[in-house]
Every structure is written in structure tokens, then in C-alpha cells.
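Notes for the one structure printed next.
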Amino acid sequence: PIEIINNDLGYKISCELNEFKYDESHRKLDYTYRLFFSEIDTNDATLIEKWKLTREKKYKESIAYFVRSLIAGDFRQTGFELALVYKPGREGMDILDSKEILIKDNSGNTIKIEFADYLRVINHNNEDRIMNTSWILLNYPSITLDEFGYPLEKNAITLLGDWSEAGVTSFLPKYYGIEKTE
């Protein structure tokens with residue numbers, strides 16, 4: 001595994017690359033990985049508080065926060081604007097309700113997300129810039145999300161824009177933020 005020390009967020013990350021390939025004809029990089037997080041050990045209360053604030057900021061900028069707010073149905077109140085677009089950079093049809101792209105089964109155990117073309121996501125939760133724009137492309141007609149908002153299918157989505165440039169240094173553990181919603 002590749003070991004990453006993230007002093008900005010206070011994590012030691014062990015990254016296990018499962019697959020890494022470049023498709024020359026489509027100029028596309030595909031990779032799968034598993035991340036294991038452990039907290040950096042310190043007794044410095046100031047540093048612990050800094051990490052806490054930085055983690056909260058990164059979480060509100062994350063795709064995990066977006067997907068969880070989409071599932072909760074409050075994405076507009078939490079700072080996101082959505083539109084279905086034919087192509088990144090183009091105008092599209094605004095999404096005002098998550099029911100337009102989410103399908104929940106009657107038992108509430110399964111959530112599917114389904115849309116054609118690209119979903120443009122503008123995130124107003126970044127203090128450094130006025131807005132962040134990302135595009136999500138589903139690699140299947142629909143994908144199934146687990147209870148934490150993560151896709152069950154392998155290589156389920158393609159990201160473009162700000163989220164595609166974020167990198168491992170902005171990642172948080174899968175369960176980060178969950179304790180606040182239960």
C-alpha cells in the first residue's frame with residue numbers, strides 16, 4: 001500500500017491500489033482503490049481543533065456530503081444547485097427535487113440514482129471560491145447507492161470538474177459525517 005500522511009486533515013491514509021489502467025483510445029484513466037484511515041496521534045489541542053474545522057470544511061465540499069444531502073432531499077438547502085446537461089459547460093434542465101433522479105424502493109433499503117447525460121453540480125460550500133462546479137456521468141443506466149451514499153457498482157461514475165481534481169488529500173473516511181445525521 002501507498003502510505004499518505006495528511007497533516008492538513010490529521011490522517012494517516014493507507015491506499016491499496018486494486019486496479020490502474022489507462023485507455024489510450026478514450027484518453028481515460030480508470031482505477032480502483034481501498035483507503036484505510038487512522039488518526040495522527042497528538043496531544044496538541046490547538047492542532048486537534050484545526051483538524052476538526054478543516055475536516056468539516058472538506059466534508060461540505062465533498063461528493064459524499066452532496067450525495068447524502070441528495071438522499072435526504074435537502075440538497076438545495078445545503079448549498080447545491082443541480083442541472084441535467086447534455087455536455088459539461090452547457091446549460092441544462094434544473095433539478096429542483098431529488099425525486100427527479102433518485103428511486104427509493106418501498107422498504108427504503110435500496111436507493112438508485114438514474115439520469116441521462118451529465119449531472120452538473122454547483123457547490124456553494126467552498127469558502128475559497130464563489131462556487132465549485134463538477135459533472136457526474138453514470139457509467140451504467142442507473143447505479144445503486146449504499147446507506148452511506150456510496151455506489152455499489154465498480155467504476156460506477158465518472159467525475160469531471162472540481163471533484164475530479166480534488167485527489168486523495170481531500171478524502172475523509174467513508175463514515176465521516178454520518179454520526180451527525182442519525
Side-chain angles (χ1 to χ4, degrees), residues 9 28 30-35 37 52-182:
L9 295 174
K28 182 179 176 186
D30 283 322
Y31 53 93
T32 59
Y33 54 86
R34 287 178 19 161
L35 299 177
F37 289 80
K52 180 181 170 189
L53 294 172
T54 305
R55 289 172 184 175
E56 186 64 29
K57 179 181 179 286
K58 288 293 183 192
Y59 178 61
K60 290 201 172 168
E61 295 172 5
S62 73
I63 190 168
Y65 181 64
F66 160 67
V67 172
R68 291 171 185 164
S69 70
L70 185 67
I71 292 169
D74 62 358
F75 67 89
R76 295 175 72 207
Q77 295 85 346
T78 55
F80 296 98
E81 289 179 49
L82 306 182
L84 291 173
V85 298
Y86 170 70
K87 196 173 174 182
R90 305 284 174 124
E91 291 301 312
M93 183 178 74
D94 290 342
I95 301 291
L96 302 176
D97 189 322
S98 52
K99 292 176 187 163
E100 295 177 54
I101 57 174
L102 286 185
I103 304 161
K104 296 182 184 183
D105 73 356
N106 292 336
S107 67
N109 295 332
T110 307
I111 300 167
K112 288 194 178 278
I113 186 166
E114 185 177 293
F115 56 85
D117 300 321
Y118 293 85
L119 180 67
R120 183 191 68 213
V121 181
I122 299 174
N123 185 347
H124 294 281
N125 293 303
N126 188 327
E127 299 164 7
D128 301 331
R129 290 187 273 174
I130 296 170
M131 64 182 166
N132 288 340
T133 304
S134 299
W135 293 269
I136 300 172
L137 175 68
L138 300 181
N139 294 331
Y140 302 96
S142 69
I143 60 170
T144 307
L145 302 174
D146 69 13
E147 67 268 30
F148 305 106
Y150 284 83
L152 297 178
E153 294 84 3
K154 182 180 173 184
N155 294 323
I157 62 172
T158 298
L159 294 174
L160 302 165
D162 289 309
W163 281 331
S164 71
E165 298 168 9
V168 174
T169 58
S170 66
F171 289 178
L172 293 161
K174 181 176 184 175
Y175 310 107
Y176 185 89
I178 294 298
E179 64 280 354
K180 295 173 185 155
T181 60
E182 293 181 342

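Quick caveat: nothing in here was measured; it's all calculated off a predicted structure.
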Q. Measuring from S69:OG to R76:CZ, what's the distance to the nearest 0.5 Å?
A. 12.0 Å
Q.
Under a 3.5 Å distance rule, please check whether R55 uses its side chain to pair with a backbone N or O of L9 as donor and acceptor.
A. yes
Q: Side-chain contact test, heavy atoms from C-beta onward, threshold under 4.5 Å: evaluate it for L145 versus L152 and give yes or no.
A: no
Q) Roughly how far apart are S62 OG and K57 NZ, rounded to 0.5 Å? A) 12.0 Å
Q) For the side chain of N123 and the backbone of T133, is there at least one donor-acceptor N/O pair under 3.5 Å apart? A) no
Q. CD of E91: more than 12 outside heavy atoms within 6.0 angstrom?
A. no
Q. Nearest 0.5 Å, what's the CD1-CD distance between I122 and E81?
A. 4.5 Å
Q: If the plane angle is over 60° it's perpendicular, under 30° parallel, otherwise tilted; pick one for Y176 and Y59.
A: perpendicular
Q: Report the distance from atom NZ of K58 to atom OG1 of T54, rounding to the nearest 0.5 Å.
A: 8.5 Å
Q | Side-chain touch I178/F148, heavy atoms, less than 4.5 angstrom | A | yes
(Q) Ring-plane angle category for F80 and Y65, please: parallel below 30°, perpendicular beyond 60°, tilted otherwise. (A) tilted
Q: Please check if atom OH in Y86 has more than 12 non-hydrogen atoms from other residues, nucleotides or ligands closer than 6.0 Å.
A: no
**Q.** Heavy-atom donor-acceptor pair, W163 side chain to E61 backbone, under 3.5 Å
**A.** yes
Q) Taking all atoms of both residues into account, what is the closest heavy-atom pair of Y140 and A156, and its distance? A) CE1-CA, 3.7 Å
Q | Contacts of type side-chain contact (heavy atoms from CB on, under 4.5 Å), residue K154, not counting sequence neighbours | A | E19, T32
Q | Test side chain to side chain contact (heavy atoms under 4.5 Å, CB included) applied to L82 and F66, step by step | A | CA-CA 10 Å; L82 306 182; F66 160 67; 3.3 Å; yes
Q) Are W135 and L159 close enough that some pair of their side-chain heavy atoms sits under 4.5 Å apart? A) no
Q.
Could you check whether any side-chain N or O of R120 sits under 3.5 Å from a backbone N or O of G92, counting only pairs where one atom can act as donor and the other as acceptor?
A. no
Q) So, the side chain of D94 versus the backbone of A83: is there a donor-acceptor pair under 3.5 Å, distance only? A) no
Donor-acceptor list for residues 111-119 side chains, cut-off 3.5 Å, not counting sequence neighbours:
{"from": "K112", "atom 1": "NZ", "to": "T144", "atom 2": "OG1", "distance (Å)": "2.9"}

Q. With a 4.5 Å heavy-atom cut-off, do L84 and I95 have their side chains touching?
A. yes
(Q) I'd like to know if the side chain of E165 reaches the main chain of D162, judged simply by a donor and an acceptor atom lying under 3.5 Å from each other, with no hydrogens or angles considered. (A) no
Q | Side-chain heavy-atom pair I63, I136 within 4.5 angstrom cut-off | A | yes
Q: Determine the minimum heavy-atom distance between S98 and G73, stating which atoms define it.
A: OG-CA, 3.5 Å
Q | With D146 via salt bridge (charged side-chain N to carboxylate O under 4.0 Å, His left out) - residues at least two apart | A | K174
Q.
Quick check for you: to the nearest 0.5 Å, what is the distance between L138 atom CG and T158 atom OG1?
A. 9.0 Å
